[in-house]
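Values reported hereafter were calculated over all heavy atoms of this structure, with side chains retained and with hydrogens, waters and symmetry mates removed. In each ligand, atom 1 is the first atom listed, and ligand 1 is the first ligand listed.
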Amino acid sequence: MIIELNKISKSYDNAGLNKRNVLSEISLSISAGDALSIVGPSGSGKSTLLNILGTLDLPTSGLVKINGNEIQNFDDTQLAEIRNNNIGFIFQMHHLLPQFTLIENVLVPTIPLKDKSYKKSAQERAMNLLDSVGLADKIHQRPGQLSGGECQRATVVRALINEPNLVLADEPTGSLDQESAEHLGNLLSDINKKHNVAMVVVTHSLDLAKKMDTVYNLDHGKIEKYNLTK
Ligand code: ADP
């Protein structure tokens with residue numbers, strides 16, 4: 001077990017004007033090596049759900065547990081440390097730092113690490129990972145010199161650099177052309193299988209969603225398994 005949501009709900013109270021219930025008593029548990037995707041219409045709450053899974057946001061009610069511990073018991077510094085050690089994030093935009101080279105960018109999540117020897121080995125991990133996503137010859141280039149697909153593959157490496165148990169991806173192919181999107185989807189699926197990293201992908205693309213083992217549909221605040229034979 002990595003993460004467990006127990007009847008979580010989320011509502012936004014827009015300055016008291018109109019309360020909007022986005023998620024409604026959702027229960028979901030993610031175990032080591034799981035690969036799941038969440039599809040649903042725009043505005044259905046997919047990003048909200050992913051942010052709660054990543055402890056970037058809190059539910060209005062319900063429990064979130066990481067490795068059995070309720071996250072309400074942790075302060076912001078502890079949560080940041082848990083996130084940095086256990087969870088890799090991939091977003092729609094690559095958010096690579098333009099003044100840094102690829103290798104420097106993928107090493108950014110290692111900066112706050114306290115374990116000095118692990119930190120030292122990060123350089124070698126970065127090289128191996130960049131090689132595995134086909135970027136070995138681009139490590140000293142800056143993001144502006146690379147294609148969107150290459151930048152997004154670098155973000156996959158950045159997400160994996162601290163060897164997380166879980167990777168959360170929010171519309172990771174949303175800014176890519178069809179061919180790069182297909183490549184990235186296959187890469188995410190391979191990583192899940194080879195590194196045994198649990199993977200949760202939020203997307204409106206059914207092609208990408210189907211690369212994960214289980215597809216959920218989020219609509220009207222509820223999730224249910226998506227019937228792919230429909
Ligand atoms: P999706 O990722 O499926 O497009 P989101 O999770 O981004 O959906 O948003 C779900 C709903 O919650 C939308 O109606 C959005 O406007 C609303 N929402 C998201 N974040 C906030 C916020 N910080 N304050 C108020 N409403 C928000």
- atom 16 (O) of ligand 1 protein-contacted, heavy-atom criterion under 4.0 angstrom: no

- atom 11 (C) of ligand 1 within contact range, any protein heavy atom under 4.0 Å: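 Within 4.0 Å: yes, protein heavy atom nearby.
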
- Any chance the side chains of D115 and S117 put a donor and an acceptor closer than 3.5 Å? yes

Say whether, by atom type as modelled, one donor and one acceptor occur between the side chain of [X] and the main chain of [Y] under 3.5 angstrom.
X    : Y    : value
K46  : G40  : yes
S37  : A209 : yes
T101 : E104 : yes

Heavy-atom contacts with [X] under 4.0 Å: which atoms of ligand 1 show up? List them by number with element.
X   : answer
K46 : 1 (P), 2 (O), 3 (O), 4 (O), 6 (O), 8 (O)
P41 : 3 (O)
R20 : 11 (C), 13 (C), 14 (O)
S42 : 4 (O)

- Ignoring hydrogens, just give me the one of S11, G40, G45, G221 whose non-hydrogen atom is nearest atom 8 (O) of ligand 1.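 Checking each option, the heavy atom nearest atom 8 (O) of ligand 1 is found in G45.
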
- Query: How about E179: does its CD atom have over 12 heavy atoms from other parts shown lying under 6.0 Å from it?
  - Reply: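 It does not: E179 CD has 12 such atoms or fewer within range.
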
- Query: Does atom NE2 of H220 have more than 12 heavy-atom neighbours, drawn from other residues, nucleotides or ligands, at distances under 6.0 Å?
  - Reply: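 Check fails, neighbour count at 12 or below.
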
Considering only non-hydrogen protein atoms, determine which one is nearest to [atom] and report residue, atom name and distance to 0.1 Å.
atom                    : answer
atom 7 (O) of ligand 1  : S47 CB, 3.7 Å
atom 6 (O) of ligand 1  : T48 OG1, 2.6 Å
atom 4 (O) of ligand 1  : G43 N, 2.7 Å
atom 18 (N) of ligand 1 : Y12 CE1, 3.3 Å

- Aromatic ring pairing F89/F91, orientation class (parallel under 30°, perpendicular over 60°, tilted between): parallel

- Task: Taking all heavy atoms of G45 and all of L23, pick out the closest pair and write down the distance.
- Result: O-CD2, 3.8 Å

- Answer with yes or no whether K10 contacts ligand 1, where contact means a heavy atom under 4.0 Å from a ligand atom. no

- From OG1 (T173) to CD (E182), nearest 0.5 Å: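 If I round to the nearest 0.5 Å, the distance is 10.0 Å.
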
- Query: What about V22: any of its N or O atoms under 3.5 Å from an N or O on ligand 1?
  - Reply: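 There is no such contact.
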
